[in-house]
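The structure appears right after this line, and notes come after that.
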Amino acid sequence: MTIRVKVIYSSILQQHTGVGVEELALEEGSDLHALAEEIFKRHPQLLEFLRKIPMLQIYLNGRETLPSSGTLLKDGDEIYISPPLYEGG
């Protein structure tokens with residue numbers, strides 16, 4: 001069985017993916033690592049960008065989460081991906 005999740009890319013990531021929002025189909029029981037593999041398979045140019053900024057902020061249904069959390073994705077989940085947001089001063 002597959003699930004469908006909505007992935008939203010921040011504006012700078014849109015420059016590397018060519019899309020702002022996309023819906024991806026994953027196997028039931030997939031976690032954020034499986035999602036990342038699918039994203040990098042679709043958008044290999046994003047890996048080059050991550051060599052310069054090796055960290056991303058990930059929000060699952062509006063809550064910040066870590067790929068290492070082991071959280072399983074569910075059908076209809078919404079994931080927002082952005083480079084770290086820094087406050088200047």
Side-chain angles (χ1 to χ4, degrees):
M1 185 168 170
T2 60
I3 61 169
R4 297 190 75 71
V5 298
K6 180 179 180 180
V7 180
I8 304 166
Y9 301 100
S10 69
S11 60
I12 192 156
L13 295 182
Q14 289 176 32
Q15 295 173 21
H16 299 278
T17 62
V19 296
V21 178
E22 64 184 340
E23 193 172 283
L24 301 178
L26 301 168
E27 292 296 317
E28 188 173 16
S30 293
D31 60 8
L32 291 170
H33 284 287
L35 175 64
E37 288 177 8
E38 180 63 25
I39 289 171
F40 295 140
K41 185 168 74 174
R42 289 172 173 255
H43 308 289
Q45 64 278 21
L46 195 54
L47 285 172
E48 185 61 35
F49 174 74
L50 289 178
R51 287 188 179 98
K52 298 174 191 161
I53 301 175
M55 184 171 42
L56 293 173
Q57 286 183 297
I58 300 170
Y59 295 86
L60 175 60
N61 299 321
R63 298 186 68 144
E64 188 170 15
T65 188
L66 297 172
S68 60
S69 68
T71 302
L72 297 181
L73 298 171
K74 299 182 298 290
D75 192 55
D77 277 349
E78 186 174 284
I79 299 95
Y80 176 76
I81 305 174
S82 172
L85 304 173
Y86 296 105
E87 291 187 27

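What you see is a predicted model; the values in this text were computed from it and never measured.
Remark: Thr71 pairs with Leu60, Thr65, Ser69 by the side-chain contact (heavy atoms from CB on, under 4.5 Å) rule, at least two apart or across chains. Checked against salt bridge (charged side-chain N to carboxylate O under 4.0 Å, His left out), Glu64 has no partners two or more places apart in sequence or in another chain. Considering only residues two or more places apart in sequence or on other chains, Ala34 meets the side-chain contact (heavy atoms from CB on, under 4.5 Å) condition with Ser30, Asp31.
The other members of the hydrophobic cluster of Tyr80, by chain and number, are Ile8, Val21, Tyr59 (side-chain heavy atoms under 4.5 Å, ILVMFWY only).
When all heavy atoms of Gln57 and Pro84 are compared, the closest pair comes out as OE1-CA, 3.4 Å.
Of the inter-residue distances, the one linking Gln45 atom CD with Leu13 atom CG reads 11.0 Å to the nearest 0.5 angstrom. Taking CG from Leu26 and CG from Leu35, the interatomic distance works out to 5.5 Å, rounded to the nearest 0.5 Å. If you take CD on Glu27 and CE on Met1, they are separated by 10.5 Å, rounding to the nearest 0.5 Å.
Val7 and Leu47 fall within the same hydrophobic cluster, where Ile, Leu, Val, Met, Phe, Trp and Tyr residues are linked whenever their side-chain heavy atoms come under 4.5 Å apart, directly or through other members. Cluster membership check: Ile79 does not share its hydrophobic cluster with Leu66, using side-chain heavy-atom separations under 4.5 Å among Ile, Leu, Val, Met, Phe, Trp and Tyr. Ile3 and Leu72 are assigned to two separate hydrophobic clusters, defined by single-linkage of ILVMFWY side chains at heavy-atom distances under 4.5 Å.
No side-chain heavy atom of Ser82 sits less than 4.5 Å from a side-chain heavy atom of Leu56.
By the 4.0 Å N-to-carboxylate-O rule, Arg42 lies close enough to Glu38 to be salt-bridged with it.
Residue pairs meeting the side chain to side chain donor-acceptor pair (under 3.5 Å) criterion with at least one partner in residues 5-17, sequence neighbours excluded, are Tyr9-Glu22.
Counting only distance, with no hydrogens or angles, the side chain of Asn61 and the backbone of Asp77 share no donor-acceptor pair below 3.5 Å.
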